[in-house]
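Numbered from 1 within each chain, the chains take letters A, B, ... in sequence-line order. Because the structure is predicted, anything quoted here is derived from the model rather than measured. Both backbone and side-chain heavy atoms feed into the values below; hydrogens, waters and symmetry mates do not.
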Amino acid sequence: MFLTLRSAVEEALADALATLDYPTDDLGIEEPPEDVDAVLASSVAFRLASEAGAPPPQVAAEVADALDADDIEYVAAITTQGPYVNFLPSDAYYAGTLDAGQADDYGRLEDTGESAVVEHTSANPTGPVHVGRARNPIVGDAVANVLDFAGYDVDRHYYVNDAGRQMAVFTWAYEHFDEEDLEGEPERDRIEYDLVRYYRKGNAFLEDGPADEVEAAEAEIQAIMQGLEAGDEDVHDRVTEVVDQVLSGMRECLARLPAEFDEFVKESRFMFDGSTDDLVARLKELDEAVYEEDAWQLDLTPHGIEKNMVFLRSDDTSLYTTRDLAHHEWKFENYDRAVTVLGEDHKLQAEQLQTTLDLLGNDTSQLENVIFSWVNLPGGLGMSTREGTGVDLDDLLDEAVDRARQEVEDRMEDRIRDDDLTDEDVDHIAHQVGIGAVRYDIISKQLTKTITFEWDRALDFEAQSAPYVQYVHARTCGILDEVDEVPAFDASALEREEAHDLLRTIARFPAVVEASADALEPHNVATYTREFAETFNAFYRECPVLSEDDPEVRAARVALVAAARNTIANALGLLGVAAPDSM
RNA sequence: GGGCACGUAGCUCAGCCAGGAUAGAGCGUCGGACUUCUAAUCCGAUGGUCAUGGGUUCGAAUCCCAUCGUGCUCGCCA
């Protein structure tokens, strides 16, 4: 409804301004503050004042006179308030919203007919997923959800680095060291916790080991990389043995969020199918290609990038970025839109990638990057797999679920809702709430802001958290549980201001989806859920549903609660936060 | 040092990209509301030179420039 109303207002206002001989390039459409009854307003009078030679309020009146509410869909009246022209919603606006909200998939936009691939996480398979890395799957999953809901045919990809130096080091360490060489026990009984010890041991050895042994190790690592480059299946199998094991453990961890993928795309695939070689040949032909210090590079200074991009090492092996170019051309062939979610430490590389893809003749408007800032530990500490610093995501999720379970159990005694929870229910709710809280905490912040991870804050179940919003969903379910089905209703029976406020908030949801998909910013869905929860709670306080005596009012309120449930369930779904039926 | 971000209440954050109606929340502190559709809730009070200084504008938290502080980055790593 909101989207329809907005375009209707835009069109009508542009027509009116044209009729009055005013410019129509800036309509000044905005959403007024809460205490104003209008759904939309225009501040265009400010801009026209000097041209009109009249004060803004007078111009606003003139503009309002030139408009006819009857001609604008979903607008009941046009008023002025000082310099503002306000557009008030009609009964049909409320009625239409209440009807639309009955659909389970309320908020889903029409199919765009376009496909999109969202690549996210893509962490090197070196060890357990830590909290610093967790922003990527959580944001990435939400971005994919939003695009899907906004009408795209979405695939989720994890790009697996199985051909870089890191994996060569890992493979060498895995083959070279024995269990007894390793320090300590695995922190958890899962494969990546076991194997990461080889990786750490290997890196420590390369740093501090005896010179001659380090040299021999480097030769072995070199041989692995050369083997991969040459398409040697045996070498590939050796590396794959490590990669697949570590990755399987990481996938289990990510599945807890949950973050699932349609495809794990291995970069070695672009070496073995010849596309990397082909790409290198084409890169050499570019005007920007230079051969310096025995390595092939691209001089991108004409394109505003100071740093040269090496695409072929002096030993003739390719680099991550080289293979990533081939990877992206593959994406372009298969998808209309390619979105990559990555940390700010990869920003320069992403710019090089995009510029180079452009030079190679690709349409890089297909490519969009979602870049997020760091997650730090208090005291400015970073998180590193190699050094073993950082908080494991598994530990965070365990703690979150434990604390949530404690909360549920603490509340069991003075529960009023009579839906006898079993132990299984309690466990289920604890998972929904605990993991939801972690996701929400991370997703509700702007991507550009650095996050400092603090246990207590991430697991605060008070307001502005997932449980606060989830509780609203549980409340809607609590009410709807008491009715068999939504009765026939008439929106005009809703007379309370709180009901209208809630309907207006529900009406905005599709616009939130649209804006979030356009900007690739899931955090504003989180902001919306919070506003929604506040609006719903006001309705809940002031407008009893089940105990309402007037059957028409009761029916309309039941329908409103159903619309609210669909809206908040879908909004939470976009965030990947579970929507509990009871809490 | 160069490039790119970030700096809003004691703390954690919305609002900024598309400049406009008294700058919004939560936590904290203080005071209220459960025989009621679940109090993981709600209501009230408290609290802000929107880092600083300029500029553009009728109007700047929002756009531009400079300064300060913080983070990321500047590998034949990824």
When you measure from the side chain of A:Ser373, which nucleotide among B:rA5, B:rA40, B:rA14 comes out closest? B:rA5

Side-chain N,O (A:Tyr468) to OP1/OP2 (B:rC42) below 4.0 Å: yes

Using a cut-off of strictly less than 4.0 Å, decide whether A:Gln446 has a side-chain nitrogen or oxygen near OP1 or OP2 of B:rG15. yes

With respect to the side chain of A:Leu348, which nucleotide from B:rU73, B:rA39, B:rA40 is positioned closest? B:rU73

Let's test this: given Watson-Crick or G-U wobble pairing with both distances under 3.5 Å, identify the partner of B:rG1. B:rC74

In terms of side-chain heavy atoms of A:Met583, which of B:rA40, B:rA25, B:rC77 is nearest? B:rA40

A:Arg405 bridged to A:Asp427 by N-O distance under 4.0 Å: yes

So, does A:Asn537 get its side chain near the phosphate of B:rC42, meaning an N or O under 4.0 Å from OP1 or OP2? yes

Partner nucleotide of B:rA40 by Watson-Crick or wobble geometry (both distances under 3.5 Å): none

Quick one: is B:rA40 close enough that its OP1 or OP2 comes under 4.0 Å of any side-chain N or O from A:Tyr471? yes

For A:Arg313 and B:rG75, is the shortest distance between a side-chain N/O and OP1 or OP2 below 4.0 Å? no

Nearest-Å distance once atom C1' is located in both B:rG48 and B:rU12: 15 Å

Nearest-angstrom distance, P atom, B:rU46 to B:rC65: 39 Å

Pairing of A:Arg504 and A:Asp501 as salt bridge, 4.0 angstrom limit: yes

Could you tell me whether the side chain of A:Asn86 has a donor or acceptor atom within less than 3.5 Å of a complementary atom in the base of B:rA21? yes

Does NZ or CZ of A:Arg475 fall inside the cone over A:Tyr540's six-membered ring, less than 6.0 Å from its centre and within 45° of the axis? yes

Under 3.5 Å donor-acceptor pair, A:Gln464 side-chain atoms to B:rA25 base atoms: yes

Establish, with yes or no, whether the OP1 or OP2 oxygen of B:rG2 is under 4.0 angstrom from a side-chain nitrogen or oxygen of A:Lys307. no

Strictly below 4.0 Å: does A:Lys347 bring a side-chain N or O up to OP1 or OP2 of B:rC74? no

Considering only atom P, compute the distance from B:rU22 to B:rA60 and round it to an integer number of Å. 13 Å

As a test of reading the structure: which of B:rA14, B:rG71, B:rU38 is closest to the side chain of A:Glu344, going by heavy atoms? B:rG71

Closest to the side chain of A:Phe461, out of B:rA78, B:rA5, B:rA40, is B:rA40

When you measure from the side chain of A:Thr322 to the backbone N and O of A:Phe311, does any donor-acceptor pair fall under 3.5 Å? yes

Report the base-pairing partner of B:rA45 (Watson-Crick or G-U wobble, both distances below 3.5 angstrom), or none. B:rU29

Taking the ring centre of each residue, are A:Tyr158 and A:His120 less than 6.0 Å apart? no

Return the nucleotide paired to B:rC34: Watson-Crick means purine N1 to pyrimidine N3 with N6-O4 or O6-N4, wobble means G-U with N1-O2 and O6-N3, both under 3.5 Å. none

Suppose you measure atom P in B:rG24 against the same atom in B:rA61; what distance do you get, rounded to whole Å? 13 Å

Nucleotide nearest A:Lys445 (side chain, heavy atoms from C-beta), chosen from B:rA78, B:rU38, B:rA14: B:rA14

Any side-chain N or O of A:His473 below 4.0 angstrom from OP1/OP2 of B:rA40? no

Just compare B:rU41, B:rA14, B:rA40 and give me whichever is closest to any side-chain atom of A:Arg530. B:rA14

With a 3.5 angstrom cut-off on both distances, give the Watson-Crick or G-U wobble partner of B:rC68, or none if there isn't one. B:rG7

Closest-nucleotide 5' rank along RNA chain B - winner of A:Asn308 and A:Asn524: A:Asn524

Hey, is A:Arg541 close enough to A:Glu498 for a salt bridge, meaning N to O under 4.0 Å? no

Nearest-angstrom distance, P atom, B:rA9 to B:rG53: 15 Å

I want to verify a distance call: between B:rA14, B:rG26, B:rC58, whose nearest atom is closest to the A:Arg457 side chain? B:rG26

Nearest to the side chain of A:Glu30 - B:rA21, B:rC72, B:rC37? B:rA21

Regarding B:rU70, can its base be found pairing with the side chain of A:Thr450 as donor and acceptor, where the two atoms are less than 3.5 Å apart? no

Do the charged groups of A:Glu344 and A:Arg135 touch, with an N to O distance under 4.0 Å? no

Give the nucleotide from the list B:rA78, B:rU38, B:rA40 with an atom nearest to the side chain of A:Tyr540. B:rU38

Between A:Arg439 and A:Leu575, is there a donor-acceptor pair closer than 3.5 Å when you use the side chain of the first and the backbone of the second? yes

The residue, A:Gly164 or A:Leu546, whose nearest nucleotide of RNA chain B is more 5′ is A:Leu546

So what does A:Arg403 hit on the nucleic acid, given a heavy-atom distance under 4.0 Å: a base, only sugar-phosphate, or nothing? nothing

Considering only the C1' atoms, how many Å lie between B:rA18 and B:rU62, rounded to the nearest integer? 11 Å

Suppose you measure atom P in B:rA40 against the same atom in B:rC4; what distance do you get, rounded to whole Å? 49 Å

Touch class at under 4.0 angstrom, heavy-atom based, for A:Val408 against every strand present: base

For B:rC34, does the O4'-C1'-N9-C4 or O4'-C1'-N1-C2 angle fall within 90° of 0, making it syn, or is it anti? syn

Determine which nucleotide pairs with B:rA18, using a 3.5 Å limit on both distances of a Watson-Crick or G-U wobble pair. none

Hunt down the Watson-Crick or G-U wobble partner of B:rC50, both distances under 3.5 Å, from any strand shown, or write none. none

